[in-house]
Amino acid sequence: MLSDEALRSLLKNADDPLHLERPHDFDLERSARRFAELTSALKNRFGPVCDSGLYQDASIYGEVEVPADATGTGRPLWVQMSNFGGFVTAGTGPWTEPGPTEGLTDQLISWLDATCAAADCVFVPLELLMQPYDGPSVLEEAYADEVLSAFTTDETPQDGDRTLPVAWADRYFNWM
């Protein structure tokens, strides 16, 4: 697996402030091949219960979901591929909740990294993608407050000064 420093460099080099959904040199055939190879490898490992789909109006190309009973960890697995750089990440729960990678073993991470390399992709651990975004693209920080307000109730205290920081995951694995 590449070092965090090398991965950060790749993330920064792939950033294209003029194109948020996909880079100017986006290759649909290459992305389709990468995603098909990734999906096939996941189905070979976890069985036909894997579900895959593509995204629209997003910097995510597609996602493969593996049900909890097929992973052997008691938690579901999701694997996403970005439109940028062939970046792939994985988790076992929502990013915004504690423990979004709980149950991902070193063995599974090594397998994902090797699988990504074979599919001409780059595995980026979710922990690295959750670091604050410091790239050149103008990303909406205010959307985080809108998302938070959708989950508040009359009983929930609202903190008007709270803004979630934009992370690298928001740049490469999000709706635009």
Side-chain angles (χ1 to χ4, degrees), residues 1-28 30-35 37-39 41-42 54-55 57-66 73 75-145 147-148 162-176:
M1 179 177 292
L2 296 172
S3 70
D4 284 358
E5 184 178 311
L7 290 170
R8 275 189 209 92
S9 179
L10 289 173
L11 291 170
K12 288 183 179 190
N13 287 336
D15 201 348
D16 181 347
L18 299 178
H19 301 89
L20 297 180
E21 187 176 339
R22 58 185 168 264
H24 72 282
D25 60 351
F26 180 73
D27 185 337
L28 180 59
R30 184 178 187 193
S31 293
R33 180 190 50 76
R34 286 173 166 168
F35 190 70
E37 289 179 24
L38 185 63
T39 301
L42 285 158
L54 304 179
Y55 281 75
D57 301 326
S59 57
I60 309 169
Y61 180 83
E63 178 177 58
V64 181
E65 296 177 349
V66 183
T73 66
R75 292 181 59 114
L77 172 68
W78 53 262
V79 178
Q80 294 179 342
M81 186 180 93
S82 176
N83 286 328
F84 289 82
F87 299 133
V88 173
T89 195
T92 58
W95 300 350
T96 56
E97 294 180 11
T101 59
E102 186 177 306
L104 288 183
T105 64
D106 290 341
Q107 178 187 19
L108 181 56
I109 290 171
S110 292
W111 179 83
L112 282 168
D113 184 55
T115 299
C116 288
D120 190 30
C121 298
V122 177
F123 180 74
V124 183
L126 185 57
E127 291 83 6
L128 180 64
L129 290 168
M130 294 310 294
Q131 293 179 358
Y133 174 77
D134 61 351
S137 295
V138 177
L139 302 177
E140 292 293 327
E141 293 185 38
Y143 84 89
D145 286 334
V147 170
L148 285 176
R162 183 173 181 194
T163 300
L164 294 176
V166 175
W168 281 98
D170 296 310
R171 174 64 187 100
Y172 291 124
F173 296 91
N174 214 342
W175 278 277
M176 294 290 120

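Keep in mind it's a predicted model, so treat the numbers as computed, not measured. These values consider heavy atoms only, across backbone and side chains, with no hydrogens, waters or symmetry-generated copies.
Partners of P132 by side chain to side chain contact (heavy atoms under 4.5 Å, CB included), not counting sequence neighbours: none found. Partners of P94 by side chain to side chain contact (heavy atoms under 4.5 Å, CB included), not counting sequence neighbours, listed by chain and number: T96, E97. Here D120 pairs with R30, R33, R34 under the side chain to side chain contact (heavy atoms under 4.5 Å, CB included) rule; sequence neighbours left out. With sequence neighbours excluded, the residues forming a side-chain hydrogen bond (donor to acceptor under 3.5 Å, both in side chains) with T101 are E127, listed by chain and number.
What you find for S59 and S82 is that their closest heavy atoms are O-OG, 3.2 Å. The two residues C121 and M81 have their closest heavy-atom pair at SG-SD, 4.0 Å.
Counting heavy atoms from C-beta on, the side chains of L54 and Y61 come closer than 4.5 Å. Between Y55 and Q80, the closest side-chain pair of non-hydrogen atoms falls below 4.5 Å. Put simply, the side chain of S137 reaches to within 4.5 Å of the side chain of L20, judged on heavy atoms. Here the side chains of L104 and L77 are in contact, with some heavy-atom distance below 4.5 Å.
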Determine, stepwise, if the pair L129 / L11 fulfils side chain to side chain contact (heavy atoms under 4.5 Å, CB included).
CA-CA 9 Å; L129 290 168; L11 291 170; 4.1 Å; yes
Could you give me the CA-CA distance, side-chain angles and deciding distance for R171 and V166, then say whether side chain to side chain contact (heavy atoms under 4.5 Å, CB included) is met?
CA-CA 8 Å; R171 174 64 187 100; V166 175; over 6 Å; no
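Between the CG atom in L38 and the OG atom in S31 there is a gap of 12.0 Å [rounded to 0.5 Å]. Here E63 contributes atom CD and T39 contributes atom OG1; the two are 10.5 Å apart, rounded to the nearest 0.5 Å. Of the inter-residue distances, the one linking D16 atom CG with N13 atom CG reads 12.0 Å to the nearest 0.5 angstrom.
Distance alone, capped at 3.5 Å, is enough to place a donor-acceptor pair between the D170 side chain and the A167 backbone. Of the possible donor and acceptor atoms, none in the side chain of S9 sits under 3.5 Å from a partner among the backbone N and O of E5.
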Show which side-chain atoms of residues 110-118 pair as donor or acceptor with protein atoms under 3.5 Å away, not counting sequence neighbours.
residue, atom, partner, partner atom, Å
S110, OG, D106, O, 3.1
D113, OD2, M1, N, 3.3
T115, OG1, W111, O, 2.8

Sequence neighbours excluded and cut-off under 3.5 Å, please list the side-chain donor-acceptor pairs for residues 83-93, or say none.
residue, atom, partner, partner atom, Å
N83, ND2, E21, O, 2.9
N83, ND2, A58, O, 3.0
T89, OG1, V124, O, 2.8
T89, OG1, L126, N, 3.4
T92, OG1, R75, NE, 3.0
T92, OG1, R75, NH2, 3.3
T92, OG1, P100, O, 3.4
T92, OG1, E102, N, 3.2
T92, OG1, E102, O, 2.6

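Under the 30°/60° scheme for interplanar angles, the aromatic rings of W168 and Y133 are found to stand perpendicular.
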